[in-house]
Amino acid sequence: MELFDLYTKDRERTGDTIERGRELPANRYHLVVHICIFNSKGHMLIQQRQPFKAGWSNMWDVSVGGSAVAGESSQSAAEREVLEELGYELSLENNRPVLTIHFEDGFDDIYTVENDLDTEVLRLQPEEVQAVKWASLEEILQ
């Protein structure tokens with residue numbers, strides 16, 4: 001069972017949590033993170049979701065994404081998600097999100113990182129990710 005911290009519209013933690021999958025109370029929000037990893041050629045690492053994943057099955061997505069669990073900061077959630085989904089330990093100690101998108105149920109912090117990861121050494125999370133590859137902007141737009 002995963003618990004999410006609840007936030008106000010001004011992104012202040014309320015001290016309350018909610019179980020994943022439950023409907024958020026009125027005027028309460030949760031935190032999501034996405035990490036876009038680029039290599040020195042300007043290609044982005046993209047991941048293909050597993051066919052059995054609900055929502056966007058078999059589709060290609062940004063490098064990593066997920067929800068922050070209770071007690072996590074945006075940075076620690078992003079680091080955990082990279083470790084879980086790719087098996088790669090990434091430090092975002094000196095990084096801030098390059099963009100925060102406000103969506104109906106919360107806040108989505110988006111990080112960008114430049115790192116020439118060797119995809120052959122990544123340990124993909126079998127419950128989430130079936131494949132990864134480096135993709136150019138043209139490939140991503142297609």
Side-chain angles (χ1 to χ4, degrees), residues 1-9 11-93 95-142:
M1 171 180 66
E2 281 185 308
L3 294 177
F4 300 152
D5 286 322
L6 292 177
Y7 293 83
T8 67
K9 67 177 176 60
R11 198 170 169 156
E12 296 171 359
R13 280 191 182 142
T14 65
D16 295 325
T17 60
I18 192 166
E19 187 177 327
R20 175 188 281 276
R22 292 196 171 260
E23 186 175 333
L24 294 175
N27 301 312
R28 292 295 178 256
Y29 307 91
H30 77 284
L31 177 61
V32 174
V33 295
H34 283 91
I35 303 87
C36 299
I37 302 172
F38 294 89
N39 65 18
S40 56
K41 296 177 183 175
H43 295 149
M44 184 168 69
L45 186 70
I46 59 175
Q47 66 160 272
Q48 187 177 26
R49 293 173 59 84
Q50 288 286 11
F52 49 80
K53 283 292 295 175
W56 309 104
S57 299
N58 278 323
M59 300 295 287
W60 289 91
D61 199 353
V62 299
S63 307
V64 173
S67 294
V69 296
E72 285 185 317
S73 68
S74 172
Q75 287 176 330
S76 63
E79 291 169 345
R80 176 187 50 77
E81 287 289 346
V82 171
L83 185 59
E84 283 181 1
E85 294 185 13
L86 302 180
Y88 180 73
E89 195 165 338
L90 175 71
S91 173
L92 294 170
E93 183 179 346
N95 293 63
R96 292 178 30 176
V98 295
L99 178 67
T100 297
I101 297 173
H102 296 218
F103 63 100
E104 184 178 346
D105 292 332
F107 310 96
D108 188 349
D109 284 348
I110 300 170
Y111 292 86
T112 59
V113 175
E114 185 176 316
N115 193 314
D116 287 314
L117 291 176
D118 178 357
T119 59
E120 298 300 316
V121 300
L122 297 178
R123 295 178 322 276
L124 306 183
Q125 183 181 23
E127 300 85 8
E128 299 273 340
V129 182
Q130 66 174 300
V132 294
K133 70 177 181 178
W134 290 106
S136 66
L137 176 60
E138 295 77 26
E139 291 173 289
I140 292 169
L141 292 176
Q142 287 176 359

Review point. Y7 vs F107 aromatic rings, parallel, tilted or perpendicular, using cut-offs 30° and 60°?
Key: perpendicular
**Study point:** Minimal non-hydrogen separation, Q47 against S63, with atom names
**Key:** NE2-O, 2.8 Å
Practice item. State the OG1-CG distance between T112 and L99, to the nearest 0.5 angstrom. Key: 10.0 Å
**Study point:** Stepwise side-chain contact (heavy atoms from CB on, under 4.5 Å) check, L86 with L45
**Key:** CA-CA 11 Å; L86 302 180; L45 186 70; 3.8 Å; yes
Check your understanding: D108 and F103: which non-hydrogen atoms are nearest, and at how many Å?
Key -> N-CE2, 3.9 Å
Review point. Got I18 and L3 here, is their nearest side-chain heavy-atom distance under 4.5 Å?
Key: no
**Study point:** Non-hydrogen atoms of P97 and S74 that approach each other most closely
**Key:** CG-OG, 4.3 Å
Review point. Among L117, V64, T119, which one satisfies side chain to side chain contact (heavy atoms under 4.5 Å, CB included) with V132?
Key: T119
Exercise for review: Could you tell me which non-hydrogen atom of D116 sits nearest to which non-hydrogen atom of W134, and how far apart they are?
Suggested key: C-CZ2, 4.5 Å
Point to revise | Heavy-atom side-chain contact between L31 and D5 under 4.5 Å | key: no
Review point. Side chain to side chain donor-acceptor pair (under 3.5 Å) between Q130 and N58: does it pass, once the steps are laid out?
Key: CA-CA 8 Å; Q130 66 174 300; N58 278 323; 2.7 Å; yes
Check your understanding: Under a 4.0 Å N-O cut-off, is there an ion pair linking D61 with K53?
Key -> no
Check your understanding: More than 12 non-hydrogen atoms from neighbouring residues, nucleotides or ligands closer than 6.0 Å to CZ on R13, yes or no?
Key -> yes
Review point. Please walk me through it: do R11 and T100 pass side-chain contact (heavy atoms from CB on, under 4.5 Å)?
Key: CA-CA 11 Å; R11 198 170 169 156; T100 297; 3.7 Å; yes
Review point. From R22 CZ over to L24 CG, what is the distance, rounded to the nearest 0.5 angstrom?
Key: 11.5 Å
Review point. Atom CG in L137, atom CD in Q142: separation rounded to 0.5 Å?
Key: 10.0 Å
Review point. Is there a side-chain contact between V82 and L92 (heavy atoms, below 4.5 Å)?
Key: no
Check your understanding: Are any non-hydrogen side-chain atoms of N27 and K9 less than 4.5 angstrom apart?
Key -> no
Revision key, fill the gap. Tightest non-hydrogen contact, residues V69 and E72, listed as N-OE1, 2.8 Å
Exercise for review: Start with the C-alpha distance between E79 and S76, add both sets of side-chain angles, then the distance that settles side chain to side chain donor-acceptor pair (under 3.5 Å), and finish with yes or no.
Suggested key: CA-CA 5 Å; E79 291 169 345; S76 63; 6.0 Å; no
Check your understanding: Got a sec: does the CD of E89 have more than 12 other heavy atoms crowding it under 6.0 Å?
Key -> no
Check your understanding: Among all residues two or more places apart in sequence or in another chain, which pass the side-chain hydrogen bond (donor to acceptor under 3.5 Å, both in side chains) test with K133?
Key -> none
Exercise for review: Go through the steps to decide whether Y111 and Q75 satisfy the test side-chain contact (heavy atoms from CB on, under 4.5 Å), and finish with yes or no.
Suggested key: CA-CA 9 Å; Y111 292 86; Q75 287 176 330; 3.4 Å; yes
Practice item. Can you measure from CG (N115) to CG (N39) and round to the nearest 0.5 angstrom? Key: 9.5 Å
Check your understanding: Is the backbone N or O of A78 less than 3.5 Å from a side-chain atom of E81, with the two atoms forming a donor-acceptor pair by type?
Key -> no
Exercise for review: Would you name the heavy atoms of S67 and R20 that are closest together and state the gap between them?
Suggested key: CB-NH2, 4.1 Å
Practice item. Dump the intermediate steps for side-chain contact (heavy atoms from CB on, under 4.5 Å) on H30 and D105, then the final yes or no. Key: CA-CA 6 Å; H30 77 284; D105 292 332; 4.1 Å; yes
Practice item. To the nearest 0.5 angstrom, please state how far the CD1 atom of I35 sits from the CG atom of N95. Key: 10.5 Å
**Study point:** Pairwise distance OH(Y88) to CZ(R123) - rounded to 0.5 angstrom
**Key:** 11.5 Å
